[in-house]
Amino acid sequence: MTEKHEPVASLIGQRIPKQDAPEKVNGRARYVHDINLPGQLVGKILRSGRLHARILAIDVSAARALPGVHAVITAADVPTQTIGVTRDNPPLKGDKVRCERDEIAAVAAETEELADAALALIKVEYEDLPLLLDAAVAREAEAPLIHDDKPGNIALQFDYEHGDVVKGEAESDVVIEDRFGLHYVTHACMGVSGVIADFDDITGNLTLYSNTQVPFLHKREFAEVLELDPNRIRIIQPTIGGGFGSKLDIYPFEPICVYLARAAGRPVKLVFSRAEEFLASPTRQPARVLLRSGCRDDGRLTFRKVDMLLDNGGYTSWGATTPMVMMQTFSSLYRVPHCLYHSTAAYTNNPYAGSFRGYGNLQATFAVEAHMDKLADAIGMDPLEFRLLNAQEAGEVSGQGMHFRSCGFKDCLRTAADRSDYLARRQQNIEQRSTGPVQRGVGMASMLHVGGGAKIYPSDGCGTILKLDDFGHVTILTGASEIGQGSETVLSQLVCEELGLPLTSVTVVNNDTDITPWDVGVHASRTTFIAGNAAVGAARLAKEKILKAAAAATGQPMQELDLRGGGIVQRQDGSTLMTLDKLLRSMHFQDKADLVITSYYYEPPSVHQDDQHKGDVSAAYAWACQVVEVEVDSDTGVVRLLKCTAAHDVGRVINRLGIEGQIEGGIVMGQGYALSEDLAIRDGHCLNPGFRDYKLITAPEVPELDLSFIETMDGEGPRGAKGVGEAPAICVAAAVANAIENATGVRIYQLPFTPENVYRALRAAAHDPPV
Amino acid sequence: MPLLHEIGFVLNGSPIRLSVPVTMTVLEMLRGPLNLTGTKYGCGEGECGACTVLVDGLSLNACILLAVECDGREITSIEGLAADPAAAGLRRAFVEAGAVQCGFCTPGMVVQGKYLLDTRTGTDRAAIARGLEGNLCRCTGYRKVVDAIERAMGSTEGAGGD
């Protein structure tokens, strides 16, 4: 008992390999695609391929008669319940088709070939209806209605206001107004969508093997749409092949798979093809933005007025609610004394949008950061100084009621500018314009995003149960879902740090609604912050219980004891008094057995937005500034991203390896949004449902990356950390737009910056040069 | 039913004889009758690399390669590399470099990494990145995948062992 434990090196901020990486590199991780249940059938969906039509008749008799086909269902065979954010989407369409992907019928068969053959035998009679392919046209008075009960084709509208923009404009020395266009992109998760539905034929209980990002919300929603008792639904999440927001809503294929399993009396697995993944997944919300902004000659922003039109597509998923995040960027990224925001999402016969990493913020930031550069130019101030002058600081409460308790925004701006030599390069590029077809440009953009959860649902919390066994091994049962972001590793670090245990002593269980405590889901960059605080809370309760028992066992005062290196130590000198496993066994195997099992539910101290969309919706806010360097070839329109210098206020780094991975991956996703990804929706149809024509960024295109972490040690965050998952993707496109302007003198207002679009924009500008 | 054809090949070091439909791809054969699910379906048209396997030492997309074309050849899938001590260094490098997030592209990346290690077409980062051009990843931004392969190349001089 004389062995001494010096304060063990902290696990916080270390480079910790992801805990599930070994099974993933060995090909042993089992995704939903890899699971096969005894008796399992193949489920497939018949889609309309039409955009707007009345369904007159569906004849499934030939499909039903095909041997090996065990279920054929249409809307007539299932409950009339609807899904979606405003419950406007019947999983199977009975009366009307509203977009290309619409689900008309579904089959369950012994093999994929039989399922395809059965689909081919289904006859549907349609009567085509007039098409609405443009959100602006959909708002016209004489436009036909996509949903009979939605006058004006309005899906959702948002209005927000603080101050008085008329007054703000009157006080302005400079006023600018521009229109911006944001295009369709999609998540393109490497693992295609899929689900397995399995009913126990004796109990009637349903087990769903699902990729959902929100298992506990889905359990309730599935119960509603399936007209099932929620007590009979268990959701198991196998390893998930990418999420990025795409799995935040129930989509039709999921209830359809359950209906098939119920009809067939056998488990059914329904997995998309890649083409189907492109056609029938949510997109990022496309948008048209009219932005009017002003400032004074001294550089102070005066007002911002925003009018947005969102193409809602045929049904309403989360995309239509992204204005709740967009308005935060318009109102609160910088100090704006007067702000007026309006958005309308209008139904059309186009695809519909869901939530996607950044949740509207890429779109809003694209517009705001263009105006920051333009306003700075107009008053002859450099863009960095202009941003610093208007940047929020710690302690401020924005016009929208967001309280920035920790705020490293100015540090982010200065760090990114210094490390990229932004000001000097910007000037140099302006001076060297028109010396040849290939120009260099630098561009800066910043962002604000929730970093401490987002109070959208009745609770924004997460539960954790912690169990220590007789050998000192700790099991963390957390509601937090893992979709590749590395939450299991961060939670392990936080718990082991509290309990003085090595990372080899921990197991995380995080994928089964029958086992894990409630969590609102993996979204809003909330897991490190919310689930982290829940895990720390449970670990602290366990530590208190252990130290109390240790005090009784050793006769030493509890406050002089600590947990380190797998043992009970003297807090002062680190000498070991007893090993943890021995103490745990002595607690367990006594007359009144005492197990160390604790539970903790963390609810962040945030509030819901009020009816005017004001309120401190997150317990912390994340900030970032990114400076990009591009090369623009005006002969070909090709824009190459050479470098991205990113400075992120992350509160505190928990896992350096993990956070680098999040930020690098996010920047490259933002690069794709800016330069290469373009889901070509023409006349309502997707023209490029495959990786050949939908261009993800590939390894050789990745720019040089320079990452800086600004550690503001947030007072509410676990060990000071804030959320970071969405932040890195948000400002890349905005920065690239500013860099193209720096390189060429031409500002492009419409994404994406594909060679054709850039070439056309540069030619147009050359023929009609700005005055 | 499509025509069946009997083929023989070496899979991960073991000889296999099997009757396959002539239309069956190597991906379908591995994931179906052979129950080796480490090789992933990502696109089915040879664009994403999630199904990368080695056939006689060449890295190929199993989704656009017919099983009957592999008669008499040697196939290595991720399960073969997982059991191969000579690939342990590469696998460990992927873990330690943080090259894995959702992990769906990872088996294909590891197999492609082994191909790059074996063929040594170039050891600088740009050459490694070019060698990964046919493998899509939506999570990592590729930098840490390049790190992993660079690390494996640097530490092992081709053998990829411990």
Side-chain angles (χ1 to χ4, degrees), chain A residues 15-18 20-31 33-36 113 187-192 239-244 271 273-275 277 483-486 655-658 660-669 671-672 690-692 696-702 705 728, chain B residues 1-2 28 31 35-48 50 77-83 87 90-111 126 128-146 148:
Chain A
R15 306 179 70 81
I16 309 293
K18 192 163 166 16
D20 64 8
E23 66 170 19
K24 286 175 172 172
V25 299
N26 285 343
R28 288 209 186 99
R30 291 179 76 75
Y31 300 79
H33 325 86
D34 306 327
I35 295 171
N36 293 303
E113 291 72 21
H187 307 74
C189 300
M190 292 312 298
V192 289
T239 307
I240 294 174
F244 314 111
V271 172
S273 68
R274 177 57 66 185
E277 184 76 11
I483 56 172
Q485 81 276 35
N655 181 354
R656 195 163 295 271
L657 198 61
E660 284 174 3
Q662 283 296 297
I663 292 186
E664 290 167 10
I667 289 171
V668 172
M669 190 173 264
Q671 179 186 4
F691 286 132
R692 188 166 302 148
L696 295 188
I697 296 295
T698 60
E701 297 165 284
V702 172
L705 299 171
Chain B
M1 274 298 283
E28 289 164 342
R31 294 183 55 83
N35 199 24
L36 295 177
T37 56
T39 306
K40 302 302 183 194
Y41 165 87
C43 69
E45 54 183 17
E47 287 290 328
C48 80
S77 71
I78 186 64
E79 289 85 358
L81 295 188
L90 177 65
R91 298 196 317 267
R92 186 175 326 114
F94 266 75
V95 173
E96 290 173 354
V100 180
Q101 288 187 31
C102 92
F104 200 84
C105 73
T106 304
M109 289 282 190
V110 173
V111 174
I128 295 169
R130 276 197 304 280
L132 292 172
E133 191 168 17
N135 292 73
L136 297 178
C137 172
R138 195 50 155 162
C139 297
T140 65
Y142 302 102
R143 185 155 86 156
K144 295 198 180 320
V145 182
V146 175

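Chain letters run A, B, ... following the sequence lines, proteins first and then strands; every chain starts at 1.
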[atom1] of [X] to [atom2] of [Y]: how many Å apart, nearest 0.5 Å?
X	Y	atom1	atom2	value
A:Gln485	B:Cys139	CD	SG	9.5 Å
B:Gln101	A:Lys24	CD	NZ	8.5 Å
A:Leu705	B:Tyr142	CG	OH	13.0 Å
B:Asn135	A:Met190	CG	CE	8.5 Å

Q: Go through A:Asp20, A:Val668, A:Asn26, A:Ile240 and name the one with the most non-hydrogen pairs under 4.5 angstrom from chain B.
A: A:Asn26
Q.
Looking at chain B, which one of A:Gly658, A:Gly241, A:Cys189 has the largest number of heavy-atom pairs inside 4.5 Å, strictly under?
A. A:Gly241
Q | Worked verdict on B:Glu45 versus A:Arg692 for side-chain contact (heavy atoms from CB on, under 4.5 Å) | A | CA-CA 8 Å; B:Glu45 54 183 17; A:Arg692 188 166 302 148; 3.8 Å; yes
Using non-hydrogen atoms and a 4.5 Å limit, figure out which bit of [X] sits close to chain B: side chain, backbone, both or neither.
X	value
A:Ile667	neither
A:Val25	both
A:Glu23	neither
A:Ala188	both
A:Gln662	both

Portion of [X] that has a non-hydrogen atom of chain A nearer than 4.5 angstrom:
X	result
B:Ala99	neither
B:Arg31	side chain
B:Val95	both
B:Leu136	both
B:Lys144	both

Q: Show your reasoning for whether side-chain contact (heavy atoms from CB on, under 4.5 Å) applies to A:Asp34 and B:Lys40.
A: CA-CA 9 Å; A:Asp34 306 327; B:Lys40 302 302 183 194; 2.5 Å; yes
Compare every heavy atom of [Y] with every heavy atom of [X], then report the nearest pair and how far apart it is.
X	Y	answer
B:Glu79	A:Gly27	OE2-O, 4.5 Å
A:Tyr31	B:Phe104	OH-N, 3.2 Å
B:Cys102	A:Ile483	CB-O, 3.7 Å
B:Ala129	A:Ala699	O-CB, 3.5 Å

**Q.** Option in B:Arg143, B:Arg130, B:Glu133 with maximal non-hydrogen atom pairs under 4.5 Å from chain A
**A.** B:Arg143
Q.
For chain A, which candidate among B:Ala83, B:Gly131, B:Gly42, B:Ala82 shows the most heavy-atom pairs at distances under 4.5 Å?
A. B:Gly42
Q) Is there a side-chain contact (heavy atoms from CB on, under 4.5 Å) between B:Arg138 and A:Phe244 once you walk through the steps? A) CA-CA 9 Å; B:Arg138 195 50 155 162; A:Phe244 314 111; 3.4 Å; yes
Q) Side-chain contact, heavy-atom cut-off 4.5 Å: B:Tyr41 with A:Ser273? A) yes
